[in-house]
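Naming: A, B, ... by sequence-line order, numbering from 1 per chain.
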2 protein chains.
Amino acid sequence: MTDRDGTAPGLARLAGLIADETRATCLLALLDGRAWTAGELARHAGVAPSTLSEHLGRLVAGGLLAEERQGRHRYVRLADARIAHLVEDLAGQVAPQAAARRAPTLGASGARSAMARGRTCYDHLAGRLGIALTDALTGRGLLRQDTGFALTDAGLGWFDDVGIRLDRTSRRPLARPCLDWTERRPHLAGVAGAALCRHALDAGWCVRIGSQRAVKVTPEGERALSEALGIDPAALR
Amino acid sequence: MTDRDGTAPGLARLAGLIADETRATCLLALLDGRAWTAGELARHAGVAPSTLSEHLGRLVAGGLLAEERQGRHRYVRLADARIAHLVEDLAGQVAPQAAARRAPTLGASGARSAMARGRTCYDHLAGRLGIALTDALTGRGLLRQDTGFALTDAGLGWFDDVGIRLDRTSRRPLARPCLDWTERRPHLAGVAGAALCRHALDAGWCVRIGSQRAVKVTPEGERALSEALGIDPAALR
DNA sequence: CCGATGCTTCGGTGCCCGCCGAAGGATGGC
DNA sequence: GCCATCCTTCGGCGGGCACCGAAGCATCGG
C-alpha cells in the first residue's frame with residue numbers, strides 16, 4: 001500500500017553503498033571526474049588493497065562506479081553525471097556542519113586555498129572561479145537564477161558566439177545548480193556547465209594543477225574571461 | 001589535502017542514517033509532508049515500538065527529522081524541504097530498477113492507481129496530476145524546461161493572476177524539478193510547486209483521499225484547471 | 001623466461017547495530 | 001487516584017560487514 005514494497009529496500013541499499021567512510025572517501029575523490037586506479041584509491045583512503053578491492057566490487061555492482069580494465073590496472077570512475085550529482089548533493093548537505101568544524105583546524109592551507117580558488121567538480125568548474133562565472137553569466141542576463149536555474153535565450157546565443165556547442169538532445173538538463181561547499185552558493189552545472197569547463201580547459205583559459213582537481217586561471221584565461229564576461233581578474237586570485 | 005578530512009565521515013554518517021530499511025521506510029512515508037506519531041511509523045514499518053524509538057532518536061539527532069511532543073505522542077516530520085528533496089532524489093535513483101521489478105507483482109492496485117493519478121510529494125503535487133500541471137504550464141510558456149527548469153516572466157504573471165503569492169525572498173528555488181517515480185518525468189517542485197499545491201487544496205481543486213497522500217481532483221478542480229491551464233479533465237482520470 | 005607490480009580471493013577476527021521483550025516513566029481519560 | 005496508552009531505556013542476542021594478511025593470479029618489464 002505504501003512505498004515499503006519496493007522502494008525502501010532499494011533506497012536503503014543505495015544509501016548503504018555510501019554509508020561507509022572508506023567508500024565515501026572514494027566517491028568524493030572520484031568527484032574530480034577522472035578515473036582512478038584501485039591502488040591510488042587504496043592509498044588515498046588509507047586501507048589495504050584487498051579491502052578496497054571489495055569496496056570497488058560493491059560500488060560497481062551497485063551501479064555507482066563504472067570500471068575499465070587496462071592491463072593490470074583497474075580504473076574506476078563515477079558511473080555517470082547523475083551519480084556525481086547525487087554525491088554532490090549529499091556532500092552539500094553535510095558541509096554546513098563539517099565546514100564549521102573544519103575551518104579552525106585547517107592544516108595544509110596551500111592546497112586547500114588553491115582548491116577554494118578554482119577546481120573541477122565532476123565535469124564543471126567550482127570554487128571562486130565557478131562562482132565568478134555563474135555570477136557573471138547571471139549579471140549579463142545570460143543565466144537566470146531568480147525563477148529557477150536556466151539559461152536565457154541570450155545565454156544560448158552567448159554560448160554559440162563563444163563557440164561552445166551545447167548538446168540539446170541530452171536528457172540531462174542544460175543548466176542545473178550545484179551547491180559549492182567552499183562558497184556555499186550554487187554554481188553552474190549540467191550540460192552547459194560541463195561544456196564551459198571543457199572549453200575553458202581546451203582553450204587554455206585554465207589548467208589543472210598537480211594531480212588534484214584544483215585548476216588555475218592562465219593569463220590568457222584572464223584576458224578571455226574579462227573580455228567575454230567582464231570578470232575582474234583580481235576576483236580570481 | 002583532500003575531502004577525507006571532514007566531508008567523508010559526515011557523508012558516510014548521513015548516508016548511514018538512510019541505509020537501513022526501517023528508517024528508509026519511515027523517510028519515504030514522511031515524504032507526504034505530514035507529521036506521523038512514533039506508533040504509526042512503528043506499525044507502518046512493522047517493527048516494535050522500542051525499535052522504532054531508537055531509529056527516531058537517530059534520525060532526529062542527525063537532523064533529518066524534526067520532532068514535536070504533544071502529550072504522550074511524539075510527532076515527527078521531515079526537518080525541511082531540503083531533506084525532502086534529498087530523499088526524493090535518492091528514491092528517484094532507485095526507481096529505475098525497483099519499479100521494473102515491482103510492476104508485474106502489484107497487488108493492491110486500487111490504492112496504487114489512486115496514488116499514480118495524483119498525490120502529494122512532500123509539499124507539492126506529483127503523479128499524473130503533477131505531470132499534467134507541469135506540462136500545461138510548460139505548454140503555455142509559463143515554465144521553461146528546455147534550458148533548465150524555471151518560471152518565465154509570463155509564469156510569474158500567471159501565478160499572480162490566479163492569486164497565488166510566491167515568496168521571492170526564500171533561499172529555496174522558485175522552480176525546481178522533482179523526479180516522479182511513477183511517471184519517470186520531472187514535475188514542478190520548489191516554492192512555486194508548494195504554493196500551487198497549497199492553493200489547489202485550499203481552493204478545493206483537489207482533496208486528500210483517506211490517510212495516505214493520494215489526492216483526487218474535484219469537479220470544481222476540473223473546471224478550474226481546464227479554465228486556468230487548459231487541462232483536459234479526462235487526462236486526470 | 002623471471003621477478004616485480006597490481007589486483008583479487010579467502011579465512012579469520014572483531015565491532016557495530018538492528019531487533020526484541022521486559023520494565024519503567026509520562027500523560028490523559030475516567 | 002487508578003488504569004490504559006504511548007513512548008523510552010536497558011540487556012541480550014544475532015547477523016552483517018569492514019578490516020587485515022597471506023596466498024594466488026594476471027600483466028608488464030627486463
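In this structure, the CG atom of B:Leu17 is 17 Å from the P atom of C:dC16, given to the nearest Å. Across the protein-nucleic acid pair, A:Arg58 atom CZ and D:dA18 atom C1' stand 9 Å apart, rounded to whole Å. As rounded to whole Å, 11 Å separates atom C1' of C:dC7 from atom CG of A:Leu52. Rounded to whole Å, atom P of D:dA26 lies 16 Å from atom CZ of A:Arg74. The interatomic distance linking B:Glu21 (CD) with D:dG16 (C1') rounds to 14 Å, in whole Å. One atom, CZ of B:Arg72, and another, P of D:dC6, lie 6 Å apart when rounded to the nearest Å. Atom CD in A:Glu68 sits about 16 Å away from atom P in D:dT27, given to the nearest Å. Atom CD of B:Glu54 is separated from atom P of C:dC19 by 9 Å (rounded to the nearest Å).
On a pure distance criterion of 3.5 Å, a polar donor-acceptor pair joins the side chain of A:Ser50 and the base of D:dG21.
Which of C:dG21, D:dC19, C:dT5 sits closest to the side chain of A:Thr22 comes down to D:dC19. Comparing D:dC7, C:dC7, D:dC19 by their nearest atom to the side chain of B:His73 picks out D:dC7. Among the nucleotides C:dT8, C:dC19, D:dC20, the one closest to any side-chain atom of A:Arg69 is C:dT8. The A:Ala48 side chain lies nearest to D:dC20 when the options are C:dT5, D:dC20, C:dC20. Here the side chain of A:Thr37 is nearest to one of C:dC20, D:dT9, C:dC7, namely C:dC7.
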Run the salt bridge (Lys or Arg N to Asp or Glu O under 4.0 Å) check on B:Asp80 and B:Arg172 step by step: do they pass? CA-CA 11 Å; B:Asp80 57 33; B:Arg172 194 179 168 198; over 6 Å; no
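A:His55 has a side-chain polar atom (N or O) that falls below the 4.0 Å cut-off from OP1 or OP2 of D:dC19. Phosphate proximity of D:dC20 to A:Thr51: present, with a side-chain N or O under 4.0 Å from OP1 or OP2.
Defined by atom type and a distance below 3.5 Å, a donor-acceptor pair is present between the side-chain atoms of A:Thr120 and A:Arg208.
A:Arg43 comes within 4.0 angstrom of no nucleic acid atom, judged by non-hydrogen atoms across all strands.
Of the residues near DNA chain D, A:Pro49 and A:Gly71, the one whose nearest nucleotide (by heavy atom distance) lies more toward the 5' end is A:Pro49. Taking for each of A:Gln70 and B:Leu56 the nucleotide of DNA chain D with the nearest heavy atom, the 5'-most of the two is the partner of B:Leu56.
Side-chain contact between B:Leu31 and B:Glu88: present, with at least one pair of heavy atoms (C-beta onward) separated by less than 4.5 Å. Here the side chains of A:Leu201 and A:Cys206 are in contact, with some heavy-atom distance below 4.5 Å.
Rounding to the nearest 0.5 Å places CG of B:Leu65 at 6.0 Å from CG of B:Leu27.
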